[in-house]
Amino acid sequence: MPNVISTNRMTLAYDKGEKEIIRNATFRIKKGEFVFITGPSGSGKSTLLKSFYGQLVPKKGDLVVGGLDMTNVSKKNLQKLRTHLGIIFQDYKLINEWTVAKNIVLPLIIAGYNVDMQQTQAQRLLKHVKLEGKGDMYPLQLSGGEQQRVGVARALSKTPFLILADEPTGNLDEYSSNVIWDLMENACDQLGATVVVVTHRIPTIFNIPYRHFIIENGGIHEVH
Amino acid sequence: MPNVISTNRMTLAYDKGEKEIIRNATFRIKKGEFVFITGPSGSGKSTLLKSFYGQLVPKKGDLVVGGLDMTNVSKKNLQKLRTHLGIIFQDYKLINEWTVAKNIVLPLIIAGYNVDMQQTQAQRLLKHVKLEGKGDMYPLQLSGGEQQRVGVARALSKTPFLILADEPTGNLDEYSSNVIWDLMENACDQLGATVVVVTHRIPTIFNIPYRHFIIENGGIHEVH
Amino acid sequence: MKSIKHHLMFILPLLAILLGVESFMVFGRVTASYGENLKKAYTILVVTRKPMTPEAFRKIDNNIDRVETIKRRSIVEQIAQGMSNISTQEILKSLPQFYTVKLNRYLSNAQIDVIKQHLIRDPNVRRVETFGQAHNANYNLYMLIRAALWMFVGFMVFTSLFLVVKQMEIWQLEHRERMQVMEILGASAMLRSGVLFRIALTDALIAALTTIGVFAFLRYGWVARSEIDLLMRKQDLFFQYKDILILLGIALVIVLVSVVLVSRNVKEVRDV
Amino acid sequence: MKSIKHHLMFILPLLAILLGVESFMVFGRVTASYGENLKKAYTILVVTRKPMTPEAFRKIDNNIDRVETIKRRSIVEQIAQGMSNISTQEILKSLPQFYTVKLNRYLSNAQIDVIKQHLIRDPNVRRVETFGQAHNANYNLYMLIRAALWMFVGFMVFTSLFLVVKQMEIWQLEHRERMQVMEILGASAMLRSGVLFRIALTDALIAALTTIGVFAFLRYGWVARSEIDLLMRKQDLFFQYKDILILLGIALVIVLVSVVLVSRNVKEVRDV
Ligand SMILES: Nc1ncnc2c1ncn2[C@@H]1O[C@H](COP(=O)(O)OP(=O)(O)OP(=O)(O)O)[C@@H](O)[C@H]1O
Ligand SMILES: Nc1ncnc2c1ncn2[C@@H]1O[C@H](COP(=O)(O)OP(=O)(O)OP(=O)(O)O)[C@@H](O)[C@H]1O
Ligand SMILES: [Mg+2]
Ligand SMILES: [Mg+2]
């Protein structure tokens with residue numbers, strides 16, 4: 001299987017701080033793999049995901065995502081890559097002036113799908129994340145966990161080749177969490193997506209093989 | 001012990017929806033008690049807390065918080081009540097243009113404390129939530145879990161008589177979560193605060209007695 | 001840096017408003033003074049058979065103010081100079097009486113024509129000359145200036161209002177989050193909008209003082225060196241001390257209204 | 001409801017700008033036309049010993065345009081009427097030549113004085129009358145109008161600029177979140193600001209058409225019924241077809257610049 005993500009001695013840091021959040025990370029994630037990333041609060045998990053979707057350019061070293069050299073990627077290519085990712089943000093990043101349904105199909109809007117397809121897909125996804133009947137509400141009228149599930153639904157709306165999920169169950173009870181984990185398993189197992197999930201709690205029951213990376217003190221190591 | 005919160009057949013609903021989120025809830029929380037509230041996502045936990053701090057007025061029934069009749073409270077009294085609460089919001093509600101330190105001492109600013117006291121208190125609290133040295137950063141430069149801890153520190157900065165915490169550990173790893181639980185225990189046990197915590201996961205190790213309410217299908221019942 | 005930019009963003013629109021207000025006041029004063037001049041300068045020439053008193057004229061039309069008799073001797077002497085065989089006296093005797101008549105208001109051509117008709121109807125009046133051409137041009141110009149003035153005022157009020165509304169919208173958007181958080185933690189309305197009040201008051205002061213400065217400079221610097229004699233003669237119209245109060249007052253009112261509206265509007269959003 | 005309010009919030013400032021632009025153009029045309037009238041109306045009276053040709057006058061001062069000989073016979077006949085023992089012929093012979101001289105530019109009093117000096121220096125010229133008083137008032141007024149016009153333009157440019165800047169700030173604040181989310185999900189710049197472009201373009205169109213409507217109404221409605229004869233005579237100055245293009249052009253440019261700046265500015269915020 002080809003690499004979907006591969007790094008070589010990659011170092012990540014934010015512009016203003018000299019502090020290196022991630023130092024000399026070298027790893028590979030292959031197509032169709034399921035990866036959990038854990039680590040203490042503030043260790044750099046979200047930062048690592050940011051580098052995967054091109055929001056943060058590595059200070060040093062190499063990073064290749066979906067065949068693109070992320071240290072030197074054109075705007076056009078980055079845009080194209082992003083339309084093929086399914087990103088779940090820790091702070092959801094929903095558009096509050098849009099209805100839930102419209103938020104969910106934003107990737108379809110960007111890809112230029114017609115309205116009919118948008119609506120069909122919206123209804124299907126609302127059912128998947130157990131938000132039937134809430135499509136016409138606005139994000140601020142939803143509970144925290146409901147907003148989080150909207151974020152999940154949006155990430156899955158265009159069957160991405162790579163899913164980057166940042167704490168997708170942080171605000172969910174056990175039942176809802178399991179719904180989300182099932183969706184993730186399915187995306188990986190049935191649809192062949194590569195999935196990278198940041199979480200504080202790896203689910204106790206998980207039905208497909210996975211890898212587990214731990215970030216600590218700037219280093220990344222894999223648990224075997 | 002006197003009641004800090006007492007309800008009688010209280011019903012909560014949002015203005016526009018006819019849906020009643022909480023129906024006919026009757027319970028009492030006494031001074032110094034520690035209460036966990038759990039329930040599925042979207043069941044009305046945050047909504048219940050909103051009624052406690054006067055953000056949502058009960059549709060029917062009675063609600064008394066800190067001796068104030070919340071169905072008919074004057075603006076002035078509500079303001080005063082709020083300055084004595086310690087609220088931790090599910091979405092943190094930090095002020096992004098202010099530094100972390102200033103965010104933490106907002107309750108002191110509102111109470112008119114002088115700058116020296118503000119600074120001393122800010123340093124003390126930053127240490128408590130393990131954010132030493134991040135006082136001069138801005139909320140958007142922090143990780144999700146770090147922002148959450150800023151929210152916790154702010155709620156504790158003026159030793160409130162009632163702490164209302166909405167998923168205070170949702171974005172935290174186990175170590176950070178335990179730090180927060182210790183602070184909560186301490187506030188209740190040592191400082192005599194009444195604490196109401198909404199969470200999806202009651203900590204496995206908890207050193208003081210607590211009560212446990214479950215919200216489901218609009219009803220509230222206590223687990224004994 | 002960012003805070004200077006923030007201040008400027010409020011000072012400049014305020015400045016625009018105040019400069020507009022002051023310009024309007026100055027322009028209004030200059031036009032009024034010019035209208036006064038026009039009125040004074042305008043005369044009707046009346047030729048009568050027999051001498052007439054000012055009262056007799058006023059009885060004919062009550063818009064008539066002062067009446068002056070034209071000394072005919074000098075005119076006649078000039079003509080007589082060129083003709084050897086007639087005496088000044090002889091010409092004078094055969095010449096009618098000439099009067100210049102001044103009006104007490106500045107009137108349009110049509111209104112002056114009415115006066116002319118009144119005068120001509122009197123059997124003693126032989127001829128009335130109203131200098132319609134020149135007068136008409138002046139009157140038109142005067143009306144045009146006034147029309148322009150009102151257009152200017154309209155435009156000013158319109159845009160100023162919008163600038164204030166826009167600034168309020170911006171404040172609302174920028175401070176909504178902060179104000180909502182502060183409210184939910186029990187801050188009083190005063191405390192929530194305290195920053196806004198402080199920014200707004202200093203900015204109002206700066207804007208008002210700048211405007212005053214600009215016009216004081218215009219009065220003592222530019223006007224004095226300008227080529228426009230009318231302005232030079234009327235320097236005092238350009239800036240008066242009472243303007244300081246008016247400008248400060250307007251700036252304060254705008255600022256207070258904006259801030260109060262912003263903090264009220266933000267408060268109304270209940271579900272944060 | 002909310003969307004109508006949103007549109008209005010952009011249409012109204014745009015309207016302010018366009019009304020300002022059109023007012024400015026109209027005002028400019030009317031003033032220019034008035035200056036033309038003043039030039040045509042102004043004459044210098046010259047009295048010479050012997051007859052002089054227009055070329056001879058122009059040689060004296062090149063600001064002189066047309067020269068007309070005054071028919072003396074009618075004047076003299078009036079005087080002769082009152083005096084029985086002299087003939088018109090006799091007076092005519094002793095009278096000098098009278099000319100009215102027109103200028104090719106509209107000049108200040110000082111400049112006219114120079115021409116007067118030039119004329120007087122000629123030995124044939126006996127007397128030059130320049131009607132200084134009336135002319136001076138006209139000239140001052142003309143200059144005042146022009147000063148007011150420039151003040152108006154200055155104010156307009158200033159406030160318009162601010163209105164646009166304010167609107168951009170508001171857009172930026174309102175759409176920042178949406179645009180950032182869309183960018184991070186791979187939307188092109190065009191798609192991200194598509195809504196803005198659509199809103200802005202319709203609003204620009206509405207504002208331009210409204211302005212055109214207002215001035216077309218002024219021309220065919222208000223001016224026709226106005227009391228200001230100058231305006232009535234010059235209706236066509238009030239609204240010309242090329243204005244439509246100018247207004248549409250300005251509206252479009254403002255809108256495009258705003259939208260492009262907004263989407264560029266939002267994009268620069270990297271860490272969402
Ligand atoms: N925009 C930023 N500018 C500067 N520093 C930042 C920025 N974002 C994050 N950081 C810093 O980088 C570090 C890692 O942040 P990151 O968000 O990657 O943590 P995390 O592992 O996702 O933590 P959590 O589990 O709490 O979400 C933190 O210490 C934070 O202060
Ligand atoms: N502002 C609002 N207007 C209308 N309905 C709302 C509003 N806020 C919440 N709701 C609805 O009320 C219900 C309860 O929401 P609430 O936030 O109390 O849930 P919760 O128990 O806190 O869930 P979670 O665990 O996901 O945070 C939800 O179904 C939600 O759609
Ligand atoms: Mg994170
Ligand atoms: Mg909640």
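Each chain gets a letter, A, B and so on, in the order the sequences are listed, and its residues count up from 1.
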- request: Nearest 0.5 Å please: distance from the NZ atom of B:K93 over to the CE atom of C:M182.
  value: 15.5 Å

field: B:L85 portion near chain C, given a 4.5 angstrom heavy-atom threshold
entry: neither

Positive for side-chain contact (heavy atoms from CB on, under 4.5 Å) with C:V181, one of B:L94, B:N96, B:I95: B:I95

message: How about CG on B:N217, more than 12 heavy atoms from neighbouring residues, nucleotides or ligands closer than 6.0 Å, or not?
response: no

query: Does B:R124 CZ have over 12 foreign heavy atoms under 6.0 Å away?
result: yes

query: Heavy-atom distance under 4.5 Å between the side chains of C:L185 and B:L106, does that happen here?
result: yes

query: Do you know the tightest heavy-atom contact between B:E97 and C:E174?
result: OE1-O, 4.1 Å

Minimum-distance pair of heavy atoms, taken over all atoms of C:I184 and B:R82: O-CD, 3.3 Å

query: Closest heavy-atom contact between C:L191 and B:I110?
result: CD2-CA, 3.5 Å

